[in-house]
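Computed from a predicted model, the values in this text were never measured in an experiment. The chain is numbered in sequence order, starting from 1.
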Amino acid sequence: MISVLERWARLRPGVTALYDDDSGAALGFGELAALSRLILARLSRAGLGRGDRVAALCHNCAEEIALFFACARGGLTLCPLNWRLA
């Protein structure tokens, strides 16, 4: 089954998917899908597989969204941690 992100990446790769306010960069669906696949490959090389959990402590950024899609595609459970939590 193809994911929503992959479908949009094939149909409209250049259409803006994300706009990062901090850096001012816009990411298209094709770029977001490619980043998501890269992150999943790195997680797999690190030994993570279906059913494993991933905790991420990061700012709101495009990479966090790509990590979300990577985990969904790989069957991983993402636990995003809030960097503002004291």
Which pairs of donor and acceptor atoms, one on a side chain in residues 56-76, lie under 3.5 Å apart (sequence neighbours left out)?
residue	atom	partner	partner atom	Å
H59	ND1	W83	NE1	3.4
R73	NH1	E6	OE2	2.7

Could you pull out every donor-acceptor pair under 3.5 Å between side chains of residues 39-52 and any protein atom, sequence neighbours left out?
residue	atom	partner	partner atom	Å
S44	OG	L40	O	3.0
D52	OD2	G49	N	2.8

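Partners of A25 by side-chain contact (heavy atoms from CB on, under 4.5 Å), not counting sequence neighbours, listed by chain and number: S23.
Applying the ring pair (Phe, Tyr, Trp, His ring centres under 6.0 Å) test to pairs two or more places apart or on separate chains, those with a residue in residues 22-51 are W8-F29. Here salt bridge (charged side-chain N to carboxylate O under 4.0 Å, His left out) pairs that include residues 26-36, with residues two or more places apart or in two chains, number zero.
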Open item on the list: side chain to side chain contact (heavy atoms under 4.5 Å, CB included) for T16 and L27? Distances and angles first, verdict last.
Closed with: CA-CA 6 Å; T16 301; L27 222 61; over 6 Å; no
Task: Working for side chain to side chain contact (heavy atoms under 4.5 Å, CB included), residues V54 and C79 - done: CA-CA 6 Å; V54 176; C79 177; over 6 Å; no
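Put simply, L32 and Y19 are part of two different groups of oily side chains (I, L, V, M, F, W, Y) that touch within less than 4.5 Å, one to the next.
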